[in-house]
K.L.:
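The structure under discussion is supplied below as structure tokens; questions concerning it will follow.
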Amino acid sequence: MKEFVVCYTLENDIKRERIMKESTIKKEDVVQEILEKIEQRKYFLAKDSKGDCWINSSLIRYIRVNEKKRLKYNLIHML
């Protein structure tokens, strides 16, 4: 699984959302999915560890998607 952090810059606020996807999904696919969601809905729900919030699509000015890097350690190297 991959974790993506989506940052929505609104007219007067910044909202973040964490999205979990399959390991084969690319950043560009996530961006396309978000753009389609914005085109189809006036409001949508953004989920984050701090809580859920409704976002008005017409207030979005900028979107940034980052893949969150997860470090994988091999226990043999640590010993």
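Sequential numbering from 1 along the given sequence is applied to the chain's residues.
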K.L.:
Measuring from atom CG of Asn66 to atom CZ of Arg18, what distance do you get when rounded to the nearest 0.5 angstrom?
P.N.:
10.5 Å

K.L.:
Do the non-hydrogen side-chain atoms of Ile38 and Phe44 ever get within less than 4.5 Å of each other?
P.N.:
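In contact.
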
K.L.:
Provide the closest heavy-atom pair for Leu10 versus Lys15 in the form atom of the first, atom of the second, distance.
P.N.:
CD1-CG, 3.8 Å

K.L.:
So, Asp29 and Lys27, do they make that salt bridge, N to O below 4.0 Å?
P.N.:
no

K.L.:
Between the side chain of Asn56 and the main-chain N/O of Ser58, is any donor-acceptor distance below 3.5 Å?
P.N.:
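Checked: pair present.
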
K.L.:
With a 4.5 Å limit on heavy-atom distance, are the side chains of Lys26 and Glu67 in contact?
P.N.:
no

K.L.:
Following the transitive rule for hydrophobic clusters with a side-chain heavy-atom cut-off under 4.5 Å over Ile, Leu, Val, Met, Phe, Trp and Tyr, establish whether Val5 and Ile63 coincide in one cluster.
P.N.:
no

K.L.:
To the nearest 0.5 Å, how far apart are CD in Gln32 and NZ in Lys37?
P.N.:
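Interatomic distance, Gln32 CD to Lys37 NZ, rounded to 0.5 Å: 13.0 Å.
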
K.L.:
Around atom NZ of Lys47, are there more than 12 heavy atoms from other residues, nucleotides or ligands closer than 6.0 Å?
P.N.:
no

K.L.:
Decide yes or no for Ile60 and Ile55: does some side-chain heavy atom of the first lie under 4.5 Å from some side-chain heavy atom of the second?
P.N.:
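In contact.
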
K.L.:
Enter the distance from Glu36:CD to Gln40:CD here, rounded to the nearest 0.5 Å.
P.N.:
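It comes to 6.5 Å.
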
K.L.:
Between Ile14 and Tyr8, is a side-chain contact (heavy atoms from CB on, under 4.5 Å) present by the stated rule, with each step listed?
P.N.:
CA-CA 6 Å; Ile14 296 174; Tyr8 301 97; over 6 Å; no

K.L.:
Using a strict 4.0 Å threshold on nitrogen-to-oxygen distance, state whether Lys2 and Glu22 make a salt bridge.
P.N.:
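Glu22 and Lys2: not salt-bridged.
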
K.L.:
So, the side chain of Ser57 versus the backbone of Arg41: is there a donor-acceptor pair under 3.5 Å, distance only?
P.N.:
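Checked: pair present.
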
K.L.:
How long is the straight-line distance from CG of Asn12 back to CZ of Arg61, given to the nearest 0.5 Å?
P.N.:
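The distance works out to 9.5 Å.
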
K.L.:
Between Glu33 and Lys21, does at least one N-O distance fall below 4.0 Å, as a salt bridge requires?
P.N.:
yes

K.L.:
If I compare all heavy atoms of Phe4 with all of Ile25, which pair ends up nearest, and what's the gap?
P.N.:
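Between these two residues, the closest heavy atoms are CZ-O, 3.9 Å.
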
